[in-house]
Amino acid sequence: MNNREVAELLGNVAAAYEVLEENPFKIRAYSQAGEAVANLSEDIRGDWEEGKLDDVPGVGPAIRSHLDELFRTGKVKHFEEVFKKLPAGLFPLLNVPGVGPKSAFKLAKQLGIDKEHNAIARLKKAGEQGEIEKIEGFGKESQEKILVGIEELLRRENKMLLPEAAELAERVIEYLKKSPQVLRVEMLGSLRRRASLVGDVDLAAATKNPEAVVRHFVDFPEWKQVLAEGGITARAIHRSGRQVDLKTESPERFGALLQHFTGSKAHNVALREYSLTKGFSLSEHGIKISKGPTLPRQGPTLKNFKTEEEFYKFLGLVWIPPEMREDRGEIEAGKLNGLPKLMELPQVKGDLHIHSNIDIETSHDLGASPLSEIVNQAEKMGYEYIAITDHNPSVSKHSEKQIVSLIKMRNESIDEFIRSRGMSMKTRVFKSLEIDILPDGRLSVPEEVLDFLDFVMVSIHSSFREIRADQTQRLIRALSYPKVKILGHPTGRKLLERDGIDCDWGEIFVVCKKRNIYLEVNANPRRLDLPDDLIKQAIEAGVKLSLGTDSHQVENMELMRYGVDQTRRGWAERKDVINCLGYNEIAKLLIVNC
DNA sequence: GCCGTTTTCGGCCCGACTGTTTTCAGTCG
């Protein structure tokens, strides 16, 4: 059982308790535990194996013992007894937007949806045949809403990679700014927090005339369909099929709106709990002072905030960068003024993961761009250095001797290029190689090859599904070779395609720290690997990071900012990322025997 | 059922929107 499945199970228990009208706080406890598991990047089963379930927020003695039973026996007797009281078809219906536990129960019961596997299809059919509106408590409009919800469910299953969401948002923002009524526009939600995957694009506009701004928004020519248009908000579907929401607010209150809809939900819940202890009640409109010297008979007064900075300051906190708002300790840190000074894109002085088109008959994709274009681009970006990290020559097609001579050939071609450019070349080039880690942890090239490289990057490109202990030993063995300085895209995940490997990262961090090996934050938006929460843990363990775009063509070197976004989500400061060092300093770290 | 800078007992986030049950429950972010 993976995290998503465990989270779903806990969510189903919460929903079942809701239908059965259990204690509301017990319901919330299960639903919070479920969300916490869903947001975990560590494998929860691994946490259980190591006796660390207590570290998961929201998991106390009762839920821990249920999870213990789940991992030992594959099921939880108590949960099954609870579920038995309800139709099994109820649970898939919870995924339809607009359908919660109570409605799902009524629908499943009245429509006789008693199996999980075809529940959504049966609901859809019932809606199309007008069966839903006949149920007490539902009408024609709820029936229509459910059918729209089912469509949205099918569409929502593929979230957007960050750049797709960012580019769509920028198009709409550019259009919105054409209206003189729009005083300010900002991105909201997971997009503003620069999360690796984004659901809908949410935007906020500051205006004194919300109706005019909403009208302008719905007139955007690229909408396929306008879903809703109110006095202060609107929602539309873009021709790409992606949903865009707009919220408006007066400039005087814009700070509170921005804060509220930037989230994350977990951050906001934690912030409200913290604020309540001070007698403040937060909302998207501002802060109500519910305790202390409010005037009698007047009720709580609402305080307005133009900016987020003022909003956080009023709560006794410093402004928290959106990337950090995931309830990972940022409120505590903001209280003590102990927030890190996050690194920024202009501090990046080089790209440590680039593939060229020098043909050494590689095991994986050859780059598309010649070294000359790569260096030109690097100089344009103001880089002091780049690392050429082509894949190793394929092992099956070459003898060891041939591999060595291919690497020598590549070195000569790089050296010749550098000579030809002479003193005018501002960017220095590291000769490296991205070497495959074999299933047993050995490297896929003869050790002799390492002598011809400035440093080595190693990466996993196969056998992603080994069990944790094996995968951990595999990585440790790979990291023990001389000259290995960077572990490339450490988890091997591909967003929306496959999960990363299961591995005891704590052990890997120890090895990296001891041997001065750097963990890559791969900036390719399909990878963004290490993931943000592991970045945070790595930094806490004293491990330093290496940024690389994994570019196979020069255009992709521009994707560095997405890697920087993720390091910021992992609380990285300038000192945590070796790319912030100048050439002389980083050469000392990477080239061990120079 | 969880949790701790007023608490190991007694609390537990806030408001908008929607549709239908004509006064509010359910759902969402």
Side-chain angles (χ1 to χ4, degrees), chain A residues 10 13-15 17-19 21-36 53-54 56-67 78-79 82 93-107 132-146 148-149 152 156 188-190 193 199-200 202 204 227-235 243 245 247-249 253 256-257 259-288 290-291 300 302 316 325 327 331-332 335-336:
Chain A
L10 293 171
V13 175
Y17 278 156
E18 188 137 11
V19 176
E21 302 196 314
E22 261 280 2
N23 174 357
F25 299 110
K26 186 169 163 183
I27 297 168
R28 186 185 299 169
Y30 271 94
S31 110
Q32 283 176 343
E35 277 184 36
L53 279 185
D54 277 335
V56 180
V59 174
I63 296 180
R64 186 189 55 208
S65 90
H66 289 318
L67 291 183
H78 174 62
F79 292 173
V82 173
L93 305 189
L94 297 169
N95 295 317
V96 179
V99 176
K102 299 282 174 81
S103 316
F105 175 64
K106 270 196 216 164
L107 290 166
I132 294 176
E133 64 177 299
K134 294 183 194 156
I135 303 171
E136 194 188 343
F138 293 83
K140 219 175 177 66
E141 293 197 50
S142 347
Q143 176 169 280
E144 191 51 38
K145 210 174 126 187
I146 287 170
V148 170
E152 193 184 325
R156 198 173 62 179
L188 299 169
S190 51
R193 299 197 311 278
D200 296 335
D202 293 325
L227 291 177
E229 179 185 354
I232 52 171
T233 66
R235 280 168 38 213
Q243 186 170 323
D245 290 9
K247 300 178 199 307
T248 62
E249 183 56 282
R253 291 182 170 185
L257 181 83
Q259 194 289 320
H260 181 84
F261 288 106
T262 295
S264 66
K265 188 178 175 191
H267 173 82
N268 283 355
V269 168
L271 193 65
R272 287 193 208 112
E273 279 171 0
Y274 156 75
S275 304
L276 265 188
T277 66
K278 302 191 143 205
F280 301 137
S281 168
L282 313 183
S283 78
E284 61 260 52
H285 305 301
I287 299 178
K288 276 186 195 156
S290 54
K291 242 196 251 173
L302 181 74
R325 299 182 198 167
D327 192 25
I331 294 171
E332 198 63 25
K335 237 186 293 184
L336 309 167

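Keep in mind that this is a model prediction, so the values were computed, not measured. The chains referred to below are lettered A, B, ... by the order of the sequence lines, with proteins before strands, and numbering in each begins at 1.
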ask   = Roughly how many Å is it from NZ in A/Lys26 to C1' in B/dG1, rounded to a whole number?
value = 7 Å
remark   = Shortest non-hydrogen pair, A/Pro57 vs A/Ala36, comes out as O-CB, 3.2 Å
Point-to-point distance, once rounded to the nearest 0.5 Å, from CD of A/Gln259 to CD of A/Glu284 = 10.5 Å
query = For A/Pro24, which contact category applies under a 4.0 Å heavy-atom criterion: base, sugar-phosphate, or nothing?
reply = nothing
query = Hey, does A/Ile146 have a side-chain heavy atom less than 4.5 Å from the side chain of A/Leu107?
reply = yes
Selection from B/dT5, B/dC14, B/dG1 that lies nearest to any side-chain heavy atom of A/Leu276 = B/dC14
query = Over how many whole Å does the gap from A/Lys265 atom NZ to B/dT27 atom P extend?
reply = 13 Å
key: Residue whose closest nucleotide on DNA chain B lies nearer the 5' end, A/Ala62 versus A/Lys335   = A/Ala62
key: Gap between atom CD1 of A/Ile132 and atom OG of A/Ser103 - 0.5 Å precision   = 10.5 Å
message = Please determine whether a side-chain nitrogen of the Lys or Arg among A/Asp202 and A/Lys247 lies less than 4.0 Å from a carboxylate oxygen of the Asp or Glu.
response = no
key: Pairing nucleotide - B/dT8, Watson-Crick or G-U, each distance under 3.5 Å   = none
inquiry  = Can you measure A/His267 atom NE2 to B/dC14 atom C1' for me and round it to whole angstrom units?
reply    = 15 Å
query = Taking the side chain as C-beta and beyond, is there a heavy-atom pair between A/Leu282 and A/His260 under 4.5 Å?
reply = no
Atom pairs under 3.5 Å: protein N/O with N/O of nucleotides 22-25 of chain B:
none

query = Hey, are the side chains of A/Glu249 and A/His285 touching, using non-hydrogen atoms and a 4.5 Å cut-off?
reply = yes
Nucleotides 15-18 of chain B: which of its N/O atoms have a protein N/O under 3.5 Å away?
unit_1 : atom_1 : unit_2   : atom_2 : d
B/dG15 : OP1    : A/Lys288 : NZ     : 3.0
B/dA16 : OP1    : A/His285 : NE2    : 3.1

message = Looking at B/dT5, I'd like to know if its phosphate oxygens (OP1 or OP2) sit under 4.0 Å from a side-chain N or O belonging to A/Thr277.
response = no
query = Which part of the nucleic acid, if any, lies within reach of A/Asn23 when heavy atoms closer than 4.0 Å are counted: base, sugar-phosphate only, or nothing?
reply = base
ask   = What interatomic distance, in whole Å, is found between C1' of B/dT20 and the corresponding atom of B/dA25?
value = 10 Å
inquiry  = Categorize A/Lys140 for me: base, sugar-phosphate, or nothing, with a 4.0 angstrom heavy-atom threshold over every strand shown.
reply    = sugar-phosphate
ask   = Which is true for A/Gly137 with a 4.0 Å heavy-atom rule: it touches a base, it touches only sugar-phosphate, or it touches nothing?
value = base
Nucleotide of B/dG19, B/dC12, B/dG1 approaching A/Ser142 most closely (side-chain heavy atoms) = B/dG19
key: OH-CD1 distance between A/Tyr17 and A/Ile27, expressed to the nearest 0.5 angstrom   = 9.5 Å
ask   = Over how many whole Å does the gap from A/Phe105 atom CZ to B/dG26 atom C1' extend?
value = 15 Å
remark   = Taken to the nearest whole Å, CG/A/Asn268 to C1'/B/dG29 is 9 Å
request  = Hey, which sits more toward the 5' end of DNA chain B by its nearest nucleotide, A/Val99 or A/Tyr17?
outcome  = A/Tyr17
task = For the pair A/His66 and A/Phe79, name the ring-plane relationship: parallel under 30°, tilted 30 to 60°, perpendicular over 60°.
result = tilted
key: P spacing across the pair B/dC12 / B/dT7, given as an integer number of angstrom   = 15 Å
Among B/dG1, B/dG19, B/dG29, the one nearest A/His260 by side-chain distance = B/dG29
message = Taking salt bridge (Lys or Arg N to Asp or Glu O under 4.0 Å) as the definition, give me every residue that meets it alongside A/Glu141, ordered by chain and number, with sequence neighbours left out.
response = none
message = In whole Å, measure the gap between the C1' atoms of B/dT22 and B/dC28 for me.
response = 24 Å
Sub-4.5 Å side-chain heavy-atom contact between A/Lys265 and A/Glu35 = yes
query = Which whole number of Å gives the distance between the C1' atom of B/dT6 and that of B/dG1?
reply = 23 Å
message = Rounded to whole Å, please give me the gap between CG in A/Asp200 and C1' in B/dG29.
response = 11 Å
remark   = A/Phe261 atom CZ is separated from B/dG29 atom C1', nearest whole Å, by 7 Å
d(CD, A/Glu273; P, B/dC2) in whole Å = 15 Å
